[in-house]
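Notes follow the structure.
Only a predicted model underlies this, so the values are computations on that prediction, with no experimental measurement involved.
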Amino acid sequence: MNWKKTSIIVTMGNDKYPKKVKATTYNNIVQDPTEEQIKAFVDGLLLLSDGDVYYSTQVIKHDLVNVAE
């Protein structure tokens, strides 16, 4: 398998959202993000938000599988 990309889904809450919760996907991040990198990223998002509360982050790795080889 060959690494293609890594995505993260950050879930935050705010009374201003229609469902009070919003999950946003960010693509093409580093292959193996550390907890420190994720925390720094989320801290930046919180600084730019309008009162959001952080709930969770999901890390998704996308790999290419060449079955014809």
Look up atom [atom1] in [X] and atom [atom2] in [Y], then write down how far apart they are to the nearest 0.5 Å.
X	Y	atom1	atom2	result
Ile29	Ile8	CD1	CD1	4.5 Å
Thr34	Asp32	OG1	CG	10.0 Å
Met12	Thr24	CE	OG1	8.5 Å
Ile60	Ile9	CD1	CD1	3.5 Å
Asp15	Asp52	CG	CG	10.5 Å

Say whether, by atom type as modelled, one donor and one acceptor occur between the side chain of Thr6 and the main chain of Gln31 under 3.5 angstrom.
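Yes; at least one donor-acceptor contact below 3.5 Å.
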If only atom types and distance count, is the side chain of Asn14 paired as donor or acceptor with the main-chain N or O of Asp50 below 3.5 Å?
yes
Lys5 atom NZ, over 12 foreign heavy atoms within 6.0 Å:
yes
Residues, nucleotides or ligands: over 12 heavy atoms within 6.0 Å of Lys39 NZ
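No, NZ of Lys39 has 12 or fewer neighbouring heavy atoms, counting only those of other groups under 6.0 Å.
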Using the rule that Ile, Leu, Val, Met, Phe, Trp and Tyr join whenever any side-chain heavy atoms are under 4.5 Å apart, tell me whether Tyr55 and Leu45 fall into a single cluster.
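No.
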Is it possible for you to say whether Val59 and Phe41 belong to one hydrophobic cluster, with membership spreading through side-chain heavy-atom contacts below 4.5 Å?
yes
Does Asp43 reach the side chain of Leu47, with side-chain heavy atoms less than 4.5 Å apart?
no
I'd like to check Val10 versus Tyr54 (side-chain heavy atoms, cut-off strictly below 4.5 Å). Are they in contact?
yes
